[in-house]
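All chains are named by letter (A, B, ...) in the order of the sequence lines, taking the proteins before the strands, and each is independently numbered beginning at 1. Every value quoted in this text rests on a predicted model; they were computed, and no experiment measured them.
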Number of protein chains: 2
Amino acid sequence: MAARQQNRSSQGRRRASHSMESVLTEAVALLDEAGAPALTFRALAQRLGGGVASIYWYVANKDELLDLATDHVIGSILSDVEALPGGDDPVDDLRAIAVTLFDAIVARPWLGAYFMRNTNAQSNSLRLYEHLGAQTLRLDLTARQRFHAVSAIIGVVVGSAVDLGQEPPQEVLDGHLGRDEFLGRAAQAWRELDPADFPFVHGIVDEFDGHDDADQFRSALDLTLAGLRLQAGT
Amino acid sequence: MAARQQNRSSQGRRRASHSMESVLTEAVALLDEAGAPALTFRALAQRLGGGVASIYWYVANKDELLDLATDHVIGSILSDVEALPGGDDPVDDLRAIAVTLFDAIVARPWLGAYFMRNTNAQSNSLRLYEHLGAQTLRLDLTARQRFHAVSAIIGVVVGSAVDLGQEPPQEVLDGHLGRDEFLGRAAQAWRELDPADFPFVHGIVDEFDGHDDADQFRSALDLTLAGLRLQAGT
DNA sequence: ACCTGAACACCGTTCAAGT
DNA sequence: ACCTGAACACCGTTCAAGT
């Protein structure tokens with residue numbers, strides 16, 4: 001079937017041969033499988049079937065590796081965003097894009113920490129930024145308002161994402177405790193606080209218990225978009 | 001003046017003696033002086049004048065150290081928040097609290113990554129949460145709306161904070177480049193993009209160049225609060 | 001041009017032992 | 001009850017050398 005790989009000499013496996021593409025694909029695979037702590041140069045080298053030092057031919061350091069891995073997956077998020085239908089209401093289109101970003105981060109919680117962190121090294125991020133911003137060009141806003149509006153929307157996404165990206169406590173990872181049990185346990189602690197000292201916490205503990213992160217995100221996004229709509233006079 | 005310290009024997013310095021308080025104070029000092037990477041058990045032990053292992057008497061692991069250090073500084077932020085005058089408009093009071101939080105994070109950029117991350121281990125965080133929430137009790141909202149409103153506001157703070165907490169690139173740290181030069185350099189790269197492909201980016205590049213993070217935060221916060229005001233019918 | 005092995009300096013964490 | 005020294009297993013990064 002496949003031709004004999006050039007990097008196998010007659011003596012057996014000798015020299016590995018990588019490529020930027022394979023380095024990033026395997027880096028993302030590690031991140032997806034076990035989160036940010038799983039991405040080490042040694043683990044990555046092992047997956048690539050080579051030595052640690054060869055990775056440094058492709059990236060200058062770990063920060064750059066993370067930036068490029070992030071931009072790599074943002075490439076596919078960008079495709080999703082570009083596939084969005086787009087309607088006649090720019091604010092609704094902004095919402096649809098933001099929800100797409102949020103969903104992508106839910107699927108890859110490690111993304112939360114690196115998303116939109118460095119638009120220089122991340123060229124797909126810049127395109128995504130442009131895509132969001134393009135919707136604001138359809139609204140009656142000043143340049144400064146547009147700049148701030150897009151920053152605010154990204155802020156809502158990142159703010160929610162950071163919450164999601166939090167490594168769950170050890171009990172949850174070990175599978176001894178599901179997310180619901182974990183929330184329930186925290187909720188129980190809240191219920192035991194003095195209601196006179198914590199009236200708000202008592203009032204919302206039932207909402208907190210078993211809450212959906214997506215709901216929370218949607219509400220935060222809707223508040224920002226409502227404010228934006230008001231500002232644009234739409 | 002001060003009595004001879006018990007941990008000095010006649011042979012000279014022998015056994016160090018710590019306390020939770022001194023551990024956290026020195027941990028915060030390290031974080032303040034050089035950011036999150038500076039807080040290592042070895043550096044902390046050196047400042048405390050003892051061995052690394054003794055720190056484990058006070059905290060179970062580094063995560064707990066970070067949680068407690070964060071809660072420690074949130075204690076003083078809480079004092080600032082409680083010292084706020086408080087007016088007749090709950091939304092304005094929410095804004096004042098949020099701005100206080102933002103200012104605290106500007107002063108301690110490392111906080112951004114840990115702020116409000118674990119209200120279990122962080123008892124001062126919970127009090128701060130209650131303080132924000134208490135303002136929403138003065139608004140005509142459902143429990144769910146209150147819960148989401150406070151989450152949204154914290155999201156705006158954290159979203160902006162994450163941006164601030166980013167370690168500046170090496171050139172800025174080295175002092176070869178100021179923040180303005182750094183922004184200007186990025187802005188210049190944006191100006192060189194094809195305007196047909198990046199109309200939005202071109203439209204806001206002058207806003208981006210030399211922008212103030214506080215302005216950006218204030219705008220994001222105001223959008224959220226405007227949305228909240230609308231929701232509460234105030 | 002691209003890959004390797006071995007080293008370096010540094011982490012968090014543990015543990016048997018001291019006081 | 002609290003502290004210590006030394007070890008362990010792991011990091012990112014470098015470099016002289018190979019192909």
Side-chain angles (χ1 to χ4, degrees), chain A residues 4-24 26-27 30-31 34-69 110 113-114 121 167 169-170 173-174, chain B residues 4-27 30-31 34-69 110 113-114 167 169-170 173-174:
Chain A
R4 190 200 228 314
Q5 293 175 28
Q6 330 132 311
N7 57 340
R8 280 174 185 270
S9 84
S10 49
Q11 309 288 329
R13 224 192 292 137
R14 282 321 206 115
R15 239 171 102 100
S17 168
H18 315 323
S19 68
M20 190 75 242
E21 173 67 24
S22 65
V23 168
L24 297 184
E26 294 305 322
L30 277 168
L31 291 165
L39 179 59
T40 66
F41 278 84
R42 286 169 230 269
L44 182 53
Q46 197 178 359
R47 279 182 93 107
L48 292 166
V52 252
S54 62
I55 300 169
Y56 284 91
W57 180 259
Y58 297 94
V59 298
N61 51 45
K62 189 163 185 187
D63 247 34
E64 190 175 306
L65 176 61
L66 247 354
D67 274 343
L68 291 175
W110 59 269
Y114 308 101
E167 345 245 314
Q170 200 53 41
L173 279 178
D174 291 351
Chain B
R4 188 198 228 318
Q5 293 175 28
Q6 329 133 311
N7 57 337
R8 280 174 185 271
S9 83
S10 50
Q11 308 289 330
R13 225 192 292 139
R14 283 317 205 116
R15 241 172 100 98
S17 168
H18 313 326
S19 68
M20 191 74 247
E21 173 66 24
S22 64
V23 168
L24 297 184
T25 301
E26 292 306 322
L30 277 168
L31 289 165
L39 179 58
T40 67
F41 278 83
R42 285 170 231 271
L44 182 52
Q46 197 178 0
R47 279 183 92 108
L48 291 166
V52 250
S54 63
I55 300 169
Y56 284 90
W57 180 259
Y58 297 93
V59 298
N61 51 45
K62 189 163 184 183
D63 246 35
E64 190 174 307
L65 176 61
L66 246 354
D67 274 344
L68 291 175
W110 59 269
Y114 308 101
E167 345 243 315
Q170 201 54 42
L173 279 179
D174 292 352

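Applying the 4.0 Å criterion to OP1 and OP2 of D:dC3, one finds that B:W57 has every side-chain N and O outside that range. OP1 and OP2 of C:dC2 both lie 4.0 Å or more from every side-chain N or O belonging to A:S54.
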Original post:
Step by step, would you call A:L65 with A:L44 a side-chain contact (heavy atoms from CB on, under 4.5 Å)?
Top reply: CA-CA 11 Å; A:L65 176 61; A:L44 182 53; 3.9 Å; yes
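Remark: the backbone N or O of A:L39 is paired with a side-chain donor or acceptor of A:K62 at under 3.5 angstrom.
Between B:L24 and B:A69, the shortest heavy-atom contact is CD2-N, 3.9 Å.
The closest side-chain heavy-atom distance from A:V52 to A:T40 is not below 4.5 Å.
Taking atom CG of B:L48 as the reference point, atom C1' of D:dC2 lies 14 Å away to the nearest angstrom.
As the counterpart of C:dC15, D:dG5 is assigned, both hydrogen-bonding distances of the Watson-Crick or G-U wobble pattern falling under 3.5 Å.
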**OP:** Assign a letter to each nucleotide of nucleotides 9-18 of chain C from its 5' end: B, base within under 4.0 Å of a protein heavy atom; S, sugar-phosphate only; -, no contact.
**Re:** --BBBBB--B
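Side-chain atoms of B:T25 and B:S22 form no donor-acceptor pair, as typed in the model, at a separation below 3.5 Å.
From A:L31, atom CG reaches atom OH of A:Y114 across 7.5 Å, with rounding to the nearest 0.5 Å.
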